[in-house]
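By convention in this document, chain letters (A, B, ...) are assigned in the order of the sequence lines, proteins followed by strands, and residues within each chain are numbered from 1. Remember, it's a predicted structure, so these values are computed and weren't measured experimentally.
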Amino acid sequence: MPLRIYNTLTRKKSEFEPIQAGKVSIYVCGPTVYDSAHVGHAMSALVFDIVRRYLIYRGYDVDYVMNFTDVDDKIIDRANRLGVDPFELAEKYIEEFKQNLRELNILPASEHPRASQEIDAIIKMVSQLIEKGSAYEVDGDVYFRVETIRDYGKLSGRKLEEMNAGSRIRVDKRKENPMDFAVWKKAKPGEPAWDSPWGAGRPGWHIECSAMNLSHFGPQIDIHGGGNDLIFPHHENEIAQTEAITGKPFARYWMHNGMLQLKGEKMSKSTGNLVPINDFLNDHPGDVIRLLVLSSYYRSPLTFNSEVIEANQRALDRLLSGLRPALPNAVGAPEAVLSELAEQIKITQQGFTASMDEDFNTAGALGHIFELVRAVNQARSEQASDDQLAPAQAALKTLTDVLGLELKPPELTTTGADAFVDLLVALRKDLRDQKLYQLSDYVRDELLKLNVIIEDTPQGSTWRWE
RNA sequence: GGCGACGUAGCCAAGUUGGUAAGGCAAGGGUCUGCAAAACCCCCAUCACGGGUUCGAGUCCCGUCGUCGCCUCCA
């Protein structure tokens with residue numbers, strides 16, 4: 001079964017064929033670092049982390065680059081308002097975001113290039129664009145000449161004429177065409193700037209990604225990803241610039257994730273409609289937001305609210321239930337139960353791959369995983385031993401690992417406490433044997449306050465940390 | 001106004017090339033238990049609405065209504 005990917009450029013799913021057999025290059029647009037990242041950014045990072053992990057699972061050697069935009073109007077504005085250096089401000093939020101990525105169990109990128117570190121490459125690109133007649137300089141600004149691109153608008157499905165007609169932007173008279181966009185901006189006093197053939201200035205927004213792609217991957221890449229709010233103008237312009245220089249199709253597959261919806265609207269920094277990643281992670285394990293992302297199709301809008309988060313927290317608990325050990329003193333399950341379990345492993349593995357192959361249908365894949373969880377729990381309640389559960393639990397762990405779920409069982413923070421809990425549980429058994437239920441319940445209740453959950457079974461009691 | 005996506009049970013959400021609807025959460029019933037918890041079993045939808053194509057459509061076509069995104073910085 002081939003892997004199929006929905007390509008924004010062609011508006012349909014097609015079989016994935018990398019440029020070079022066995023290797024995949026992925027470039028994902030990261031955030032503009034002028035403030036703390038919110039869970040919408042987390043969603044995007046998670047989506048492409050899952051894509052990456054699955055490609056690795058499929059045997060590809062994946063080179064993964066995510067950029068940071070650290071030169072930008074908003075960063076400069078924010079820095080000026082706070083009276084700090086814009087680069088220091090950017091640095092602070094880059095470090096914070098990287099920490100977020102680690103806590104979300106996102107595989108480290110091969111590289112995190114930044115606009116400020118690509119200036120030479122950018123200036124070279126701008127020069128080339130001017131030489132080719134694809135860009136022109138006006139008073140220290142350099143604009144891309146969109147009319148030189150015959151298929152400008154191919155990614156977002158727009159036509160130049162229509163955009164001009166509907167344009168509500170105040171038109172800059174110096175532009176030849178209202179849709180021409182800046183590849184190099186003249187510096188205003190007090191702004192960070194670099195020397196260039198057109199005077200002191202800084203890169204336009206889109207050019208940095210084109211330059212980074214060229215320097216890290218060359219003229220063509222396999223997958224270019226980002227939020228669907230970047231389709232126009234950002235990615236459209238990236239294509240225009242890059243292809244104007246290379247003359248080759250830029251990215252083979254354009255993948256875009258849908259927006260996280262908070263209170264019925266897109267979560268967004270500029271409107272303040274957001275939940276910072278830090279706040280979320282203070283209250284929930286990273287697996288919860290990952291599970292939320294996994295539970296729907298990455299291209300669709302994703303509902304984010306307390307109800308949904310709560311549901312996914314429970315769902316996470318259920319996944320964890322599949323990894324619990326056998327019942328105490330389990331005598332072994334009947335052959336029929338074991339063969340059914342073995343069969344379910346196969347069904348789940350096949351279903352998982354089939355779902356993921358269809359443009360990373362993680363919700364479908366998760367459905368199969370939950371079926372395996374049920375089978376494991378079934379076998380356990382039928383007296384399966386740890387050894388008998390092991391293959392299914394290993395399969396479960398392998399598949400959830402492909403999705404990047406950590407499934408860390410809650411662990412004790414105080415080393416050595418286990419022995420004391422064991423002692424109390426043993427004591428409680430004696431109390432129960434003597435039918436001193438008031439006392440035994442007291443032990444259970446008090447332990448629960450200490451985050452120890454006791455569960456009684458016909459063969460004895462088990463306990464675990466909450 | 002233009003372009004695009006979507007509308008499946010109380011909530012979230014799958015559904016490959018059309019053949020009578022995954023999964024999670026919640027609710028209800030049951031098994032187990034001294035009680036509880038957990039787990040297990042059972043139960044819960046005709047797919048926004050109206051037409052059409054077809055032996056047969058959630059799944060294709062047309063229309064209506066509604067939601068969201070982009071068109072300006074944005075994951």
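- A sub-4.0 Å separation between OP1 or OP2 of B/C40 and a side-chain N or O of A/Asn377 is present.
- Between B/G15 and A/Asn361, a contact under 4.0 Å exists linking OP1 or OP2 to a side-chain N or O.
- For A/Arg78 and A/Asp35, the salt-bridge test passes: some basic side-chain N is under 4.0 Å from an acidic carboxylate O.
- Closest contact between the side chain of A/Ser296 and the listed nucleotides B/A22, B/U16, B/A13 involves B/A13.
- When the P atom is used for both B/A39 and B/C70, the distance is 40 Å, rounded to whole Å.
- Regarding contacts with the backbone of B/A5, every side-chain N or O of A/Ser300 stays at 4.0 angstrom or more from both OP1 and OP2.
- Applying the 4.0 Å criterion to OP1 and OP2 of B/C41, one finds that A/Arg374 has a side-chain N or O inside that range.
- Within the nucleic acid shown, A/Gly351 has no heavy atom closer than 4.0 Å to any nucleic acid atom.
- Taking 4.0 angstrom as the limit, A/Arg432 places none of its side-chain polar atoms (N or O) nearer than this to OP1 or OP2 of B/G34.
- Sorted by first and then second residue, the side-chain hydrogen bond (donor to acceptor under 3.5 Å, both in side chains) pairs with a member in residues 254-263 of chain A read A/Thr8-A/His256, A/Ser44-A/Asn257, A/His235-A/His256; sequence neighbours excluded.
- Pair assignment for B/A22: none, as no Watson-Crick or G-U wobble contacts are both less than 3.5 Å.
- With both ends at atom P, the span from B/G7 to B/C43 equals 27 Å, rounded to whole Å.
- Side chain of A/Gln261, nearest nucleotide from B/A75, B/C73, B/G69: B/G69.
- Looking only at distances, no side-chain donor or acceptor of A/Ser36 sits under 3.5 Å from a matching main-chain atom of A/Pro276.
- Annotation: side-chain hydrogen bond (donor to acceptor under 3.5 Å, both in side chains) contacts involving residues 330-354 of chain A, sequence neighbours excluded, comprise A/Gln344-A/Thr348.
- Looking only at distances, a side-chain donor or acceptor of A/Asp287 sits under 3.5 Å from a matching main-chain atom of A/Leu407.
- Considering only side-chain N and O atoms, A/Gln378 lies under 4.0 angstrom from the phosphate OP1 or OP2 of B/C41.
- If you check B/C70, B/C12, B/G23 against the side chain of A/Arg158, the one that comes closest is B/C70.
- Between A/Lys266 and B/A75 there is no side-chain polar atom (N or O) within less than 4.0 angstrom of OP1 or OP2.
- Separating the P atom of B/U31 from that of B/G69 is a span of 49 Å, rounded to the nearest Å.
- Of the listed nucleotides (B/C73, B/A75, B/G23), B/C73 has the atom at the smallest distance from the side chain of A/Ser270.
- Comparing A/Tyr6 and A/Glu358 by the nucleotide of RNA chain B whose heavy atom lies nearest to each, the residue mapping closer to the 5' end is A/Tyr6.
- The partner of B/U33 is absent, by the rule that a Watson-Crick or G-U pair needs both atom distances under 3.5 Å.
- Taking a centre distance below 5.5 Å and an interplanar angle below 30 degrees as the stacking criterion, A/Tyr297 does not stack against the six-membered base ring of B/A14.
- Distances shorter than 4.0 Å separate some side-chain N or O of A/Thr303 from OP1 or OP2 on B/A13.
- Using a 4.0 Å heavy-atom cutoff across all strands shown, A/Asp357 reaches no nucleic acid atom at all.
- Positionally, the nearest nucleotide of RNA chain B for A/His368 lies more toward the 5' end than for the other of A/Met267 and A/His368.
- One finds a side-chain N or O of A/Arg318 lying less than 4.0 angstrom from the OP1 or OP2 phosphate oxygen of B/C40.
- The distance from the CD atom of A/Glu382 to the CG atom of A/Leu327 is 10.5 Å, given to the nearest 0.5 Å.
- Under 4.0 angstrom from either OP1 or OP2 of B/C73 there lies no side-chain N or O belonging to A/Lys269.
- Checked against B/G34, B/C35, B/C40, the side chain of A/Ser381 finds its nearest nucleotide in B/C40.
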